[in-house]
Amino acid sequence: MKFDRLARIGLATSLGTVSCLSSAQEPFALDPLFRTVIDQHYVSSIAVLNNGDVLLSGAMRFPGETDDRGLARVDANGTLVPGFPFSYGGGKLTEWNGRYYVANGPGVRRLWSDGTLDTEFAMVGTPYLTPVQGGDYYVYPDGRILMSGAHYLNDSIRGFIGIYNL
């Protein structure tokens with residue numbers, strides 16, 4: 001009985017606070033025209049492009065496909081953009097100067113919005129760094145990244161050899 005009374009007082013206080021703070025909030029609206037036809041799995045990150053298309057990162061399978069996509073591009077209605085390649089992806093997307101960083105397994109890759117790799121950024125396959133276990137990442141304004149996880153460094157010139165977490 002006492003808990004029920006306290007719960008109602010707390011709820012009334014919360015609702016009063018919400019109603020005062022939400023006066024300028026837009027009403028909830030669902031766009032019924034946007035629908036994807038993803039058959040299986042999940043979308044973990046999205047990035048809206050200037051033309052209204054949407055990049056999706058995760059593990060997605062569309063009708064007629066037998067393999068998962070790590071990255072997909074859909075138009076403003078949610079339809080898969082024809083010819084978009086099976087590309088690297090799966091994790092967090094971050095836009096930077098018209099390109100997109102995307103977590104991909106233990107590492108991070110940088111792609112163009114058409115799904116092709118930005119060859120100016122080569123973290124994977126360098127002789128100095130071997131990603132072992134991916135974590136989160138942060139993109140600096142100049143395009144450098146700070147990445148967590150577990151990564152093997154082999155930079156004997158600077159004295160960094162072994163597993164590093166950041």
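Excluded from the calculations below are hydrogen atoms, water molecules and symmetry mates; all remaining heavy atoms, backbone and side chain alike, are included.
The side-chain heavy atoms of Ile145 and Phe121, taken from C-beta on, include a pair separated by under 4.5 Å. At a threshold of 4.5 Å between non-hydrogen side-chain atoms, the residues Leu153 and Leu129 count as touching. With contacts defined as side-chain heavy-atom distances shorter than 4.5 Å, the pair His151/Ile163 does not qualify.
Shortest non-hydrogen contact noted between Gly91 and Ser45 is O-CB, 3.6 Å. The two residues Ile161 and Tyr152 have their closest heavy-atom pair at CG2-OH, 3.7 Å.
Side-chain atoms of Trp96 come within 3.5 Å of backbone atoms of Pro141 as a donor-acceptor pair (strictly under, hydrogens ignored). In terms of modelled atom types and a separation under 3.5 Å, the side chain of Asp75 and the main chain of Gly78 share a donor-acceptor contact. The main-chain N or O of Thr79 is never found under 3.5 Å from a side-chain atom of Asn77 such that the two would form a donor-acceptor pair. Without hydrogens or angle criteria, Ser57 side chain to Gly90 main chain gives a donor-acceptor distance under 3.5 Å. Of the possible donor and acceptor atoms, one in the side chain of Glu95 sits under 3.5 Å from a partner among the backbone N and O of Gly98. For Ser87 (side chain) and Gly115 (main-chain N/O), a donor-acceptor pair under 3.5 Å exists by modelled atom type.
From Met147, atom CE reaches atom CG of Asp136 across 10.5 Å, with rounding to the nearest 0.5 Å. Atom CG of Leu71 sits about 10.5 Å away from atom OH of Tyr100, to the nearest 0.5 Å. Between the CZ atom in Phe86 and the CZ atom in Arg69 there is a gap of 4.0 Å [rounded to 0.5 Å]. The line from CZ of Arg99 to CZ of Arg110 is 4.5 Å long, rounded to the nearest 0.5 Å. Atoms CH2 and CG, on Trp112 and Asp118 in that order, are 5.0 Å from each other to the nearest 0.5 Å.
Relative to the six-membered ring of Phe160, Arg158 misses at least one condition, a distance below 6.0 Å or an angle of at most 45° to the axis.
Residues Thr116 and Asp114 bring a donor and an acceptor atom of their side chains to less than 3.5 Å of each other.
Both Val43 and Leu80 are part of a single hydrophobic cluster, where members link through side-chain heavy atoms under 4.5 Å apart. Note on Ile46: it clusters hydrophobically with Met60, by side-chain heavy-atom contacts below 4.5 Å among ILVMFWY residues. Under a hydrophobic clustering in which Ile, Leu, Val, Met, Phe, Trp and Tyr are joined whenever their side-chain heavy atoms come within less than 4.5 Å, directly or via other members, Leu117 and Leu93 fall into the same cluster.
Salt bridge absent: Arg61 and Asp67 never bring a charged side-chain N and a carboxylate O closer than 4.0 Å.
Using the six-membered ring where Trp is involved, Tyr137 and Tyr101 have ring planes that are tilted, between 30° and 60° apart.
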Acceptor/donor pairs from residues 47-56 side chains to any protein atom, 3.5 angstrom cut, sequence neighbours excluded:
from, atom 1, to, atom 2, distance (Å)
Asn51, OD1, Asp53, N, 2.9
Asp53, OD2, Arg73, NE, 3.0
Asp53, OD2, Arg73, NH2, 3.1

